[in-house]
There are 2 protein chains.
Amino acid sequence: MQMKAFDAHDHDGCISAGIVAAERHCAEHALQLTPVRRRVLEILLSEHKALGAYDILEQLRADGLGSQPPVAYRALDFLVSHGFVHRIERLNAFVACSHGENAHTPAFLICRACKRVTEAETDPATSELARAAQRAGFVIERTVREAEGLCPGCAEVSRA
Amino acid sequence: MQMKAFDAHDHDGCISAGIVAAERHCAEHALQLTPVRRRVLEILLSEHKALGAYDILEQLRADGLGSQPPVAYRALDFLVSHGFVHRIERLNAFVACSHGENAHTPAFLICRACKRVTEAETDPATSELARAAQRAGFVIERTVREAEGLCPGCAEVSRA
DNA sequence: AAGCGATATGTTATAAAATTACATGAGGTA
DNA sequence: TACCTCATGTAATTTTATAACATATCGCTT
């Protein structure tokens, strides 16, 4: 299991791996990783933090790549719908996926102090949500699992 | 486990039980269940659906109980912070709690067709989120667990 | 090459959700 | 009374998201 966001690591690798994975997936599925989409993904890959659409838009603007909200939202829709980026409902914000390109059911740990977000792979079948749904006869199409709190580093600081 | 929202039931009982539980809790804890707060709780108890703050505000306005957004948001903040109401992050909306007054870690099943929301009690300790947090050394303060899909009734209709 | 459909982007305007800041009011209590 | 706390009233603004319509680009067909 990867849980890089809260640990020191070679972050340049995260960026290039994310871009490469997206490029490959797009090539294989006849999808267009256009300049705007690619740039939005890069922006999100540049830190393990969730960014709001307007934060991203600001950076796009600085790059001369689009200045109106729909530009950012459309790129984000594309990236989210193909699994390159996840939306964090709790924050109305977005993070780059950190699990290569395969479909998955992620859970997120959101540090309220340093704002980093880490993605944990979960087994949807064994979750409480799935069990509750089964008991109720409910057909799940999408789930949101997000925990807010303190990452190891920030928890330690706050105890000190 | 209660999972009333998707089943036929004596709904008047839900409303009065919700109000009574809130009244009692407020009396015991020296909290004020003011007319606006009480009315917002009633509005939310009147259906097992999530309502946006502005939907609620509209009803308050009709009742002459307040017409500006902060009125609704303040009442909702109060009700949420004392556990009488839950916020559904996925919908930016609110539902009345259906589990009496004790603190709990609910999960929600949201039907995208009929819009009803049901609350399932979960054991936070055994959840995927808790396991992931434990592995990472993350201290959870709050969790969001929401599943979107089709309730039993709407799933059947869509299969027909 | 001209025309066509599909996909992506540019731009204006607006909607929806939430908060800030400051004024007012209703109770208790010293 | 004077004061404090809690709750409400109100105006203005900020933040997040979408609708609607125009333009551009690319591949395909004829």
Side-chain angles (χ1 to χ4, degrees), chain A residues 22-23 25-27 29-41 43-44 49-82 84-95 110 115 144 146 148, chain B residues 22-23 25-27 29-41 43-44 49-82 84-95 115 144 146:
Chain A
E23 276 173 345
H25 182 93
C26 287
H29 294 81
L31 300 170
Q32 304 181 45
L33 191 63
T34 61
V36 183
R37 292 169 177 178
R38 185 195 183 97
R39 183 67 189 122
V40 171
L41 180 57
I43 290 166
L44 286 170
K49 289 184 185 172
L51 295 178
Y54 283 75
D55 298 328
I56 290 166
L57 183 56
E58 205 174 299
Q59 298 205 41
L60 287 180
R61 210 169 270 167
D63 297 342
L65 270 175
S67 60
Q68 300 305 318
V71 173
Y73 280 104
R74 285 192 288 232
L76 287 166
D77 283 349
F78 172 87
L79 295 168
V80 168
S81 69
H82 294 98
F84 305 132
V85 163
H86 301 294
R87 179 180 167 87
I88 307 295
E89 297 294 340
R90 173 69 183 143
L91 305 176
N92 292 341
F94 302 84
V95 277
I110 306 164
K115 308 296 181 192
V144 177
E146 297 168 359
E148 218 174 357
Chain B
E23 276 173 348
H25 183 95
C26 287
H29 295 79
L31 300 170
Q32 303 181 45
L33 191 62
T34 61
V36 183
R37 293 170 177 177
R38 185 196 181 94
R39 182 69 188 122
V40 170
L41 180 55
I43 290 166
L44 285 170
K49 291 185 185 171
L51 295 178
Y54 282 76
D55 297 328
I56 290 166
L57 183 57
E58 204 174 300
Q59 298 205 41
L60 287 180
R61 209 168 271 166
D63 297 343
L65 272 174
S67 61
Q68 299 303 320
V71 174
Y73 281 103
R74 286 192 288 231
L76 287 165
D77 283 350
F78 171 86
L79 295 167
V80 168
S81 69
H82 295 96
F84 306 133
V85 162
H86 302 295
R87 180 180 164 87
I88 306 295
E89 297 294 340
R90 174 67 183 144
L91 304 177
N92 292 341
F94 302 83
V95 277
K115 308 296 181 194
V144 177
E146 297 168 358

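Quick note on labels: first sequence line is chain A, next is B, and so on, each numbered from 1.
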Could you pull out the protein-nucleic contacts involving nucleotides 25-30 of chain C (nitrogen or oxygen on both sides, under 3.5 Å)?
none

Legend entry - Contacting residues from residues 51-60 of chain B, given that a heavy atom lies under 4.0 angstrom of DNA chain D: none
Inset, instruction - Check whether any side-chain heavy atom of B/L76 lies under 4.5 Å from a side-chain heavy atom of B/F94, and answer yes or no. - result: yes
Inset, instruction - For A/E146 and A/I88, indicate whether the former's side chain and the latter's backbone hold a donor-acceptor pair under 3.5 Å. - result: no
Inset, instruction - Kindly say whether A/Q32 contributes a backbone atom to a donor-acceptor pair with the side chain of A/R37 at under 3.5 angstrom? - result: yes
Inset, instruction - With heavy atoms under 4.0 Å as the rule, sort A/R87 into base, sugar-phosphate or nothing. - result: sugar-phosphate
Legend entry - Student check: side-chain heavy atoms of A/L60 and A/I43 closer than 4.5 Å: yes
Legend entry - Whichever of A/T34 and B/N92 has its nearest DNA chain C nucleotide further upstream toward 5': A/T34
Inset, instruction - Classify the angle between the aromatic ring planes of A/F78 and A/H82 as parallel (below 30°), tilted (30 to 60°) or perpendicular (above 60°). - result: tilted
Inset, instruction - Applying side chain to side chain contact (heavy atoms under 4.5 Å, CB included), name anything that partners B/R38, two or more places apart in sequence or on another chain. - result: B/I19, B/E23, B/L33, B/E42
Legend entry - Residues from residues 68-78 of chain A lying under 4.0 Å of DNA chain C - heavy atoms: A/Q68, A/P70, A/V71, A/R74
Inset, instruction - Using atom CG of A/L33 as one end and atom P of C/dT9 as the other, report the distance to the nearest whole Å. - result: 10 Å
Legend entry - Rounded distance in Å - CG (B/L65) to P (D/dA7): 16 Å
Legend entry - Whole angstrom value for the distance that separates C1' of C/dA17 from CD of A/E89: 14 Å
Legend entry - Contact list for residues 49-73 of chain A, test side-chain hydrogen bond (donor to acceptor under 3.5 Å, both in side chains), sequence neighbours left out: A/R39-A/D63, A/E47-A/K49
Legend entry - side-chain contact (heavy atoms from CB on, under 4.5 Å) between B/F84 and B/L44, worked out: CA-CA 10 Å; B/F84 306 133; B/L44 285 170; over 6 Å; no
Inset, instruction - Sequence neighbours left out, what passes side chain to side chain contact (heavy atoms under 4.5 Å, CB included) with A/A93? Give chain and number order. - result: A/A50, A/L91
